[in-house]
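Here the structure comes first, spelled out in structure tokens, and everything after it is commentary.
It should be emphasised that the depicted structure is a prediction, and the values quoted were computed from it without experimental measurement. Just so it is clear: chains get the letters A, B, ... in the order the sequence lines come, proteins before strands, and each one is counted from 1.
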Protein chains: 2
Amino acid sequence: MTTALRFSLLLLGVSFSRGFLNDLFDEEEEAERVVQASKYGSLWPLPQKVQLSEVSFKLNGVSFKISDAKESTATPSCSLLQDAYRRYYEYMFGSFKRQEGRKSRHAGPSDVTELQVWITSSESDCDSFPSVASDESYELTVDQPYAVLKAPKVWGALHGLETFSQLVYEDENGAKSINSTTISDFPRFAHRGILLDSSRHFLPIKVLLANLETMAMNKFNVFHWHIVDDPSFPYLSRTFPQLSQQGAYHPYTHVYTPADVKMVIEFGRLRGIRVIPEFDTPGHTQSWGKGQKDLLTPCYSGSKPSGTFGPVNPILNTTYDFMSQFFKEVSTVFPDAYIHLGGDEVDFSCWKSNPDIQKFMEQQGFGKDFTKLESFYIQKLLDIVATSQKGYMIWQEVFDNGVKLKADTVVHVWIGGGANDEMAKVTGAGYTTILSAPWYLDYISYRQDWQKYYKVEPLNFNGTDEQKKLVIGGEACLWGEYVDATNLTPRLWPRASAVAERLWSAKEVTDINDAFNRLSVHRCRMVERGIPAEPLFSSYCPREYRGV
Amino acid sequence: MTTALRFSLLLLGVSFSRGFLNDLFDEEEEAERVVQASKYGSLWPLPQKVQLSEVSFKLNGVSFKISDAKESTATPSCSLLQDAYRRYYEYMFGSFKRQEGRKSRHAGPSDVTELQVWITSSESDCDSFPSVASDESYELTVDQPYAVLKAPKVWGALHGLETFSQLVYEDENGAKSINSTTISDFPRFAHRGILLDSSRHFLPIKVLLANLETMAMNKFNVFHWHIVDDPSFPYLSRTFPQLSQQGAYHPYTHVYTPADVKMVIEFGRLRGIRVIPEFDTPGHTQSWGKGQKDLLTPCYSGSKPSGTFGPVNPILNTTYDFMSQFFKEVSTVFPDAYIHLGGDEVDFSCWKSNPDIQKFMEQQGFGKDFTKLESFYIQKLLDIVATSQKGYMIWQEVFDNGVKLKADTVVHVWIGGGANDEMAKVTGAGYTTILSAPWYLDYISYRQDWQKYYKVEPLNFNGTDEQKKLVIGGEACLWGEYVDATNLTPRLWPRASAVAERLWSAKEVTDINDAFNRLSVHRCRMVERGIPAEPLFSSYCPREYRGV
């Protein structure tokens, strides 16, 4: 490891702080100001089992190959893998393209000349979509003359390629090198997501793709696409085109066409990332109302309609006709087995003001309990979506309000920083759950807040082993009030990387100093790959970001 | 103004918030969530006197000209103006280049066909550097067929060009339009600065230039270049090349060569921006010590040197020989009349530990008062710099410690949020001062913190009129711990724009709602000009940022 150590030291300089800021740092942070080499190099997230030796090999960019192992069940027609080979070759060797005709020095005895990728399961999953049950494990052996990456499915192979690329470093002469290594790896949690919000600000496709790319570098596997909300409706529906025609910020420049959506899904699939869309109702639907007459509840001021609208109108049959058709389309457009149905933060004041709603409440015997009306709506919606053979995710309020849920429902916990009580409740009731409460990355503050995200332990609640098994993962959420194409990417990375390691690596991986050292180099790697990941603290990258 | 109003409404959509965030907003912010048209369009910072009429004219991009008025004292050889004409033509008409040979429709009776720029003073300052005394005033009349921009000096003309470009809008057919307007304008404060820190993170030249460009869009006129500090010494000194050779993060990729520095200065000059370098001593000098033996004080642990170093060693003659030579070079390289000498945050612990320093303290009769030693050093440094005919700026501690200052010294107030007491003290002692305390933009928080910066009133301290006249302006500071090329620009803009208006516009310009409306459009204009200025809140720009 000495060469790797030296490399890491080269990568980042010693850092200092202005004195007056010292007072603002707690001692822990003080201690982490100087980047040092981790014994794990720049691996991020840290694999489950790593054995790094000091024996180092060279990689010759002209002749190095990534190829299917003979025994692999993936064929050369598996474009997912071929695409990944090309991508990782470029990450490792940059513009130094492999030229077949170019005269190359013969492979030396200390060269690793090839990475063989061996899909071991009879079904490689090459043409499938990833799912919550996908096998993402892999085993990587770096030795001379071949490195071998074994994985049951392509999903593990993708992760293994990323890991392999993270093992490559430049020695003091700039020569690409890699140490003899054995890695056996798999994720701790099956659901490792990022929520982006394309309603509060429209996010151009280029931004979405760049972040999917970065998710892959961090082994995230779920893009939770909070695609529409109050401010705008950029999803272009084939069935109801007027929704975006009227509800998008702009009907042509600020929409996602069916082709755009398809591209995002396929780009994600090629990186082992599921795309779960969220169409949040009955609240957060102001933009829906612009293109769909009578969908929202008219609010009253005294005895007259005020001209403003509230949540989806739950008392009209037309509402459910619309939802049936709309979610039928959504179920077809998005291949993932799950749809996120939202259900959070329903404001009752408009419902309360409306005499028709009042009458309905009376008829149904709901009294003054509007959570019952909310549950009435959600229940009908869930039944509608269930007919499309899709599973659903919902925000925690739906569970809190006692709505009857299908057994395979995923409850999304988001309220309160720790949320341990809620996690205990949800899993106690037997539901699968994912955690986002401590990972609202739209909240920013001075200092290294990635440490706060890193220190979260998702299973740190009172519950049985059975309950803990119901926690399938979590999501880092970057809500869109304050982010758009100008600042989203550096605000998300490397802060979300902290969540990535928490959700992938073993529970015992909690050394914050080692994390700082590895993450510092990992963030420079993202920068070198063209991603404007912001700095952790005073320091530098050998190759700084080249954009503005 | 109706057309302008309509345009502004088109520019920004209605915005909403997630309900649960509502609780986090104070009512004032709630009220500002919906962008509305300002009667001042998108002018930022607001000129001193504006008369906008409802009469609108068209601008024909093919034939429109910006040219010197016949009476102007600036000649066609004034490349500062010619360069600005080209720049603003492109901002207004984009890639729609003027083609002399192209068949153009004849100018209609409602067209403004030309902007005539008239420098009225006998000395245009075309080839000068801007200074604190530069006349930046201008008068702009937009009428048919000519618009006229009158300014005593080129500096006012530059501001007037920016203002003219801010008046241009697209009507409902996309036609470039401008309303009949009369503006008389000048800055409230002469010193309107941005501090960037290229030591904690190296900032590539491209980033510096992009931000100088954006400064001009906001009528800032001082780039305070905090060029070196503890972490790194990127300034390549001709006299002492080992300073960057040893002290930069990297001696080739992370330095500013003499040619780089020259480019920054000229780029600034062409935009009416002074470049004031800061070489902070005796603290904040760890990086200096790497290339200059014996410059820093050896710290002691008990009776032995510990191997670490403290502030500049103030008891050696070699220190002052070095400083004389070094600042002689700096005085030549940087044309501005002022140099910032720092002098903040001197940590006495190392001095205290050193037996030679202890002896010197005794000899000088300083007792145990290390501020006396600090003052001893600073006094000698100021005398050295004074011989170079330069004025100097210093951080407030130097004043606080009672160092004897030249009458034209500028004291830079930075401690404490309000800092009103310090402002009263400094000006009470008769010194010129600039304010930064409330404008440390490196401190970030959730919500629209630009409002906090905007609400600052720099003269809100107890003092006579004479004292208030000594406040020549302020600076927004973006220290470098957490920013580099990946995130600096969106973090600075439009937050610094709030400071820009406070320092330029009349004291009475304090309507935060109107500011929100204008600033929202101004930020979209920066985005359209290629600057990733971050959003104020949920909304959109007609042309979103195209980078990643």
Hits for ring pair (Phe, Tyr, Trp, His ring centres under 6.0 Å) against A/Y256, two or more places apart or cross-chain, chain-then-number order -> A/F202, A/W225
Pick from A/H254, A/R543, A/R491: which one has the most heavy-atom pairs with chain B under 4.5 Å? A/H254
Please find the pair of heavy atoms, one from A/P204 and one from B/Y545, that lie closest to each other, and give the distance. CG-O, 4.3 Å
How many angstroms lie between OH in B/Y446 and OG in A/S445, if you round to the nearest 0.5 Å? 12.5 Å
Taking every non-hydrogen atom, the tightest pair across B/S538 and A/Y249: C-OH, 4.0 Å
Interface moiety of A/V483 toward chain B, non-hydrogen atoms closer than 4.5 Å: backbone
What pair of heavy atoms forms the shortest contact from A/Y482 to B/R447, and how long is it? OH-CA, 3.3 Å
CD (A/E544) and OG1 (B/T253) are apart, to the nearest 0.5 Å, by 7.5 Å
Walk me through it: do A/N487 and B/N487 pass the test side-chain contact (heavy atoms from CB on, under 4.5 Å)? CA-CA 7 Å; A/N487 64 344; B/N487 64 345; over 6 Å; no
At a 4.5 Å cut-off on heavy atoms, which part of A/D484 comes close to chain B: side chain, backbone, both, or neither? both
Options B/E534, B/H201, B/H250, ranked by heavy-atom pairs under 4.5 Å with chain A, top entry: B/H201
Reported CZ-to-CZ distance for the pair B/R200 and A/F537, which is rounded to 0.5 angstrom: 8.0 Å
Part of A/I415 within contact of chain B (heavy atom distance under 4.5 Å): neither
For chain A, the option from B/D347, B/I444, B/L536 that forms the most heavy-atom pairs under 4.5 Å: B/I444
List the atom of A/P535, the atom of B/T486, and the distance in Å for their closest heavy-atom pair. CD-OG1, 3.6 Å
